[in-house]
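Residue numbers start at 1 and run along the sequence shown.
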Amino acid sequence: MRVLLIEDDAAVRRLVRRMLERSRHEVTEADNGRTGLDRLGSGAFDLVITDIVMPEMDGIELLMAVRKHHPALRVIAMSGGGRTGQMDFLGSAEKLGASAVLQKPFTFDGLTTAIARAGV
């Protein structure tokens with residue numbers, strides 16, 4: 001499966017990439033939503049996994065763009081809650097069409113479960 005992984009934290013991005021590659025997925029990375037959207041336009045992907053709180057373009061904006069231009073593409077939204085820890089970013093992502101959500105921190109099994117929930 002071809003996965004576009006969008007995460008601004010390089011350490012988290014490396015960890016999630018390793019988890020995905022462990023399951024034999026092909027991974028393309030982006031460090032913010034705008035770069036991710038550009039990569040999405042230049043490649044074919046089966047799944048997008050995106051952080052919510054990011055610079056340039058956040059995951060909610062990205063999700064809305066994906067739903068508009070690639071409505072059938074599966075998207076997993078992930079978040080640790082942001083700086084406030086109080087906002088329900090994942091609930092908002094679900095309402096806007098995320099195929100599954102993932103609360104940070106998560107395990108390999110949690111990621112695998114989210115991928116299955118996304119229907120990929």
Considering all heavy atoms of both residues, which atom of [X] and which atom of [Y] are nearest to each other, and what is their separation?
X: Ile6; Y: Gly33; result: CG2-N, 3.9 Å
X: Arg39; Y: Phe45; result: O-CE1, 3.4 Å
X: Met1; Y: Ile115; result: CE-CG2, 3.9 Å
X: Ala98; Y: Ala77; result: CB-CB, 4.3 Å
X: Leu111; Y: Leu20; result: CD2-CD2, 3.9 Å
X: Thr50; Y: Gly59; result: OG1-CA, 4.1 Å

- Group every Ile, Leu, Val, Met, Phe, Trp and Tyr by side-chain heavy-atom contacts under 4.5 Å, then state whether Ile49 and Met64 land in the same group.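 No; Met64 is not reachable from Ile49 via cluster members.
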- Message: Under the criterion side-chain contact (heavy atoms from CB on, under 4.5 Å), I'd like the reasoning laid out for Gln103 against Leu90: C-alpha separation, chi angles, the key distance, then a yes or no.
- Response: CA-CA 8 Å; Gln103 178 71 47; Leu90 296 177; 3.4 Å; yes
What distance separates [X] [atom1] from [Y] [atom2], expressed to the nearest 0.5 Å?
X: Met19; Y: Asp109; atom1: CE; atom2: CG; answer: 9.0 Å
X: Leu47; Y: Ser99; atom1: CG; atom2: OG; answer: 7.5 Å
X: Leu62; Y: Thr35; atom1: CG; atom2: OG1; answer: 10.5 Å
X: Ile52; Y: Glu61; atom1: CD1; atom2: CD; answer: 10.5 Å

Between the side chain of [X] and the main-chain N/O of [Y], is any donor-acceptor distance below 3.5 Å?
X: Arg18; Y: Arg13; result: no
X: Arg74; Y: Val120; result: no
X: Arg2; Y: Thr28; result: no
X: Asp58; Y: Val53; result: no

- With the threshold set at 4.0 Å, does a side-chain nitrogen-carboxylate oxygen contact exist between Asp51 and Lys104?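 Salt bridge present between Asp51 and Lys104.
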- Is any side-chain heavy atom of Val16 closer than 4.5 Å to a side-chain heavy atom of Glu29?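 They are not in side-chain contact.
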- Query: With side chains defined as the heavy atoms from C-beta onward, is the minimum distance between Val27 and Glu21 less than 4.5 Å?
  - Reply: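 They are in contact (side-chain heavy atoms under 4.5 Å apart), so the answer is yes.
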- Could you go step by step and tell me if Ile76 and Arg117 meet the side-chain contact (heavy atoms from CB on, under 4.5 Å) rule? CA-CA 9 Å; Ile76 296 174; Arg117 273 195 321 260; over 6 Å; no
- Message: Tell me whether the count of non-hydrogen atoms from other residues, nucleotides or ligands lying under 6.0 Å of CZ in Arg22 goes above 12.
- Response: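 Atom CZ in Arg22 is not packed in, count stays at 12 or less.
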- Item | Derivation of the side-chain contact (heavy atoms from CB on, under 4.5 Å) call for Leu5 and Met78 | CA-CA 11 Å; Leu5 172 61; Met78 58 183 178; 3.9 Å; yes
- Task: For side-chain contact (heavy atoms from CB on, under 4.5 Å), just list the numbers for Leu73 and Leu40, CA-CA rounded to whole Å, side-chain angles, deciding distance to a tenth of an Å, and then say yes or no.
- Result: CA-CA 10 Å; Leu73 184 59; Leu40 186 58; 3.5 Å; yes
